[in-house]
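Comments concern the structure below.
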Protein chains: 2
Amino acid sequence: MPSRQPGPHSDPDPVPPGDPPRWRRRKEARPQEIVAAAMDVFAERGFAAARLEEVAARAGVSKGTLYLYFPSKDELFKAVIRAAILPNLQQAEALVAAAGGPCFPVLERLLRMVARLIATTRMAVIPRLVIAEAGNFPELAAFYHREVIRRGFGLLAALLRRGVENGEFRPVAVDPTVRLIVAPLLMSAVWRTSFDGVDGEPPLEVTALVEIHIDNLRRVLLQDSGEGAP
Amino acid sequence: MPSRQPGPHSDPDPVPPGDPPRWRRRKEARPQEIVAAAMDVFAERGFAAARLEEVAARAGVSKGTLYLYFPSKDELFKAVIRAAILPNLQQAEALVAAAGGPCFPVLERLLRMVARLIATTRMAVIPRLVIAEAGNFPELAAFYHREVIRRGFGLLAALLRRGVENGEFRPVAVDPTVRLIVAPLLMSAVWRTSFDGVDGEPPLEVTALVEIHIDNLRRVLLQDSGEGAP
DNA sequence: TTTTTATAACTGACCAGTCAGTTATTAACA
DNA sequence: TGTTAATAACTGACTGGTCAGTTATAAAAA
């Protein structure tokens with residue numbers, strides 16, 4: 001059933017003056033809308049199985065329009081990652097920069113912030129996507145490593161060093177400790193987007209997990225905490 | 001152009017008696033060889049981007065032969081996972097079952113065993129593969145959850161409970177603690193197969209990481225260790 | 001009118017899975 | 001022992017479908 005073309009002549013209803021046009025120019029709004037739709041589809045299907053036709057449909061445009069704003073599927077993927085991660089990373093950096101005094105409470109705030117992001121936003125899918133596609137897109141892996149991992153690790157490493165220098169923390173090996181701090185968060189994000197709801201498993205309690213993690217870190221990091229667990 | 005059947009008589013080069021045949025019947029060896037080749041290709045490319053033609057080539061057979069032994073790409077993928085994981089899981093279960101006395105040394109042995117597997121074998125790629133494809137193959141995710149994760153978690157949970165009951169460990173929350181114990185291992189496996197060598201990063205020191213993890217767990221789990229770190 | 005933004009039909013490459021035919025191997029028989 | 005018939009293992013060209021990316025065309029805006 002073909003659409004209503006305006007008939008060659010004397011068409012009874014060629015394009016009634018008041019009805020909405022078939023599309024509008026919305027140069028400013030398109031990129032965000034496309035990135036949001038792409039994030040949904042990539043999250044559901046992974047990169048390879050995501051179909052650009054579906055991204056376009058969810059963004060309310062045609063496939064061709066995607067290519068007006070993004071030169072390729074790869075670049076669209078990178079845009080999704082940038083949009084999801086960078087604002088949060090900047091927020092975290094600001095949080096650390098602004099804080100003075102003891103380091104452990106800063107660490108606590110950081111971990112809780114990330115836990116909340118993982119538990120409540122779509123951002124949680126990003127690690128899974130990057131992990132899945134790292135092999136096929138070395139350039140993407142490098143991008144993510146450079147723009148996200150290195151910065152995130154650097155942030156934590158600086159905080160740890162500060163804590164060690166002012167005698168608050170034991171003299172730990174910084175790099176491995178950063179990894180051990182991050183691992184449960186990464187695992188939570190991956191879990192929530194891969195196994196939640198599978199096989200009748202109850203959803204992962206990210207917040208509770210992180211609280212216990214923080215408690216453990218207190219025992220591991222602090223020089224001598226005068227508090228025993230009841 | 002018909003192939004070179006043994007010419008009836010006086011053929012110049014009919015099939016010189018000593019030369020190897022173009023292929024051999026090797027019904028017994030094929031499945032393992034195909035699974036090994038598939039593991040390599042899946043590891044390098046991920047599931048979706050892996051081409052069965054390449055799997056066949058590396059296994060030294062034609063694509064058709066794959067389908068004599070495995071009904072589909074999905075089933076081949078599951079066979080790869082089964083072959084890589086199950087033997088090790090059984091070994092771990094045996095280790096725990098055989099051990100008596102204090103629990104922490106058993107935990108240490110388990111963690112070191114897994115660390116060695118991650119650092120030195122191709123098994124490390126499995127988590128990445130499953131994570132990547134969990135969305136597209138819910139059945140696979142359920143299979144892995146049931147056959148690997150549940151069993152592995154159960155093993156650790158039982159060990160923890162034993163330690164708590166005999167007063168060796170603090171009364172920890174078992175399920176979250178299991179996750180916190182496993183997370184660094186999972187992260188190491190994923191890291192090694194996604195980011196090692198990217199952006200000039202030195203390879204991850206899995207063994208060293210796990211030793212520090214064990215040290216931290218000592219502080220977290222043990223009721224009261226009479227030893228301070230120097 | 002021209003320029004910009006968008007569409008939708010199209011193309012070309014890719015690949016999982018199939019199947020008609022080929023070859024190694026074994027068994028039966030001379 | 002050598003020859004032949006039967007069968008199981010294997011091959012590789014082919015098919016059908018999918019999908020990233022292209023482009024002719026048209027509508028909206030300037």
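Below, chains carry the letters A, B, ... as their sequence lines are ordered, and counting in each starts from 1. Values reported hereafter were calculated over all heavy atoms of this structure, with side chains retained and with hydrogens, waters and symmetry mates removed.
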Checking D:dC10, C:dT25, C:dA8 against the side chain of A:S62 (C-beta onward), the nearest is C:dA8
A:E33 CD to C:dT5 P, in whole Å, measures 15 Å
Worksheet item: Hey, does the Lys NZ or Arg CZ of A:R128 hover above the aromatic six-ring of A:W191, less than 6.0 Å from the centre and inside 45° of the axis?
Response: no
* Report which part of the nucleic acid A:F70 touches: base, sugar-phosphate, or nothing (heavy-atom distance under 4.0 Å, all strands). => nothing
Rounded to whole Å, OH of A:Y69 lies from P of C:dT5 at a distance of 6 Å
- Query: Between D:dT23 and A:Y67, is there an OP1 or OP2 to side-chain N/O distance shorter than 4.0 Å?
  - Reply: no
(message) Is there a side-chain contact between A:R30 and the phosphate of C:dA6, meaning an N or O under 4.0 Å from OP1 or OP2?
(response) yes
So, do B:F143 and B:V148 sit near enough that their side-chain heavy atoms are less than 4.5 Å apart?
no
Atom CZ of B:F47 and atom P of C:dA16 are separated, to the nearest Å, by 9 Å
Between CD of A:E53 and C1' of D:dA20 the distance, given in whole Å, is 10 Å
A:N136 CG to D:dA20 P, in whole Å, measures 14 Å
With the side chain defined as heavy atoms from C-beta on, B:W23 is closest, among D:dG21, C:dT22, C:dA16, to C:dT22
- Does any N or O donor sit under 3.5 Å from an N or O acceptor when you compare the side chain of B:K63 with the base of C:dA16? yes
Around A:E205, counting heavy atoms of other residues, nucleotides and ligands shown, do more than 12 lie under 6.0 Å from its CD? no
Atom CG of A:D74 and atom P of D:dG21 are separated, to the nearest Å, by 7 Å
When you check the phosphate oxygens OP1 and OP2 of C:dA16, does a side-chain N or O of B:K73 lie under 4.0 Å from one of them? yes
Compute the centroid of each ring, for A:F47 and then for A:F137, and state whether the two points are separated by less than 6.0 Å.
yes
The answer to which of A:A49 and A:G64 contacts DNA chain D further toward the 5' end, by nearest nucleotide, is A:A49
Rounded to whole Å, the CZ-P distance (B:R24 to C:dT26) equals 11 Å
Next on the checklist: Just to be sure I understand the rule, does A:L52 reach a base, reach only the sugar-phosphate, or reach nothing, if contact means heavy atoms closer than 4.0 Å?
Outcome noted: sugar-phosphate
Residues at least two apart in sequence or cross-chain that pass ring pair (Phe, Tyr, Trp, His ring centres under 6.0 Å) with B:Y144, listed by chain then number, are none
Regarding the side chain of A:R51, the nearest nucleotide among C:dA16, D:dA9, D:dA20 is D:dA20
Phosphate OP1/OP2 of D:dT11: any B:T65 side-chain N/O under 4.0 Å:
yes
Rounded to whole Å, CD1 of A:I34 lies from C1' of C:dA6 at a distance of 11 Å
message = Students often get this wrong, so: under 4.0 angstrom with heavy atoms, is B:A56 touching a base, only sugar-phosphate, or nothing?
response = nothing
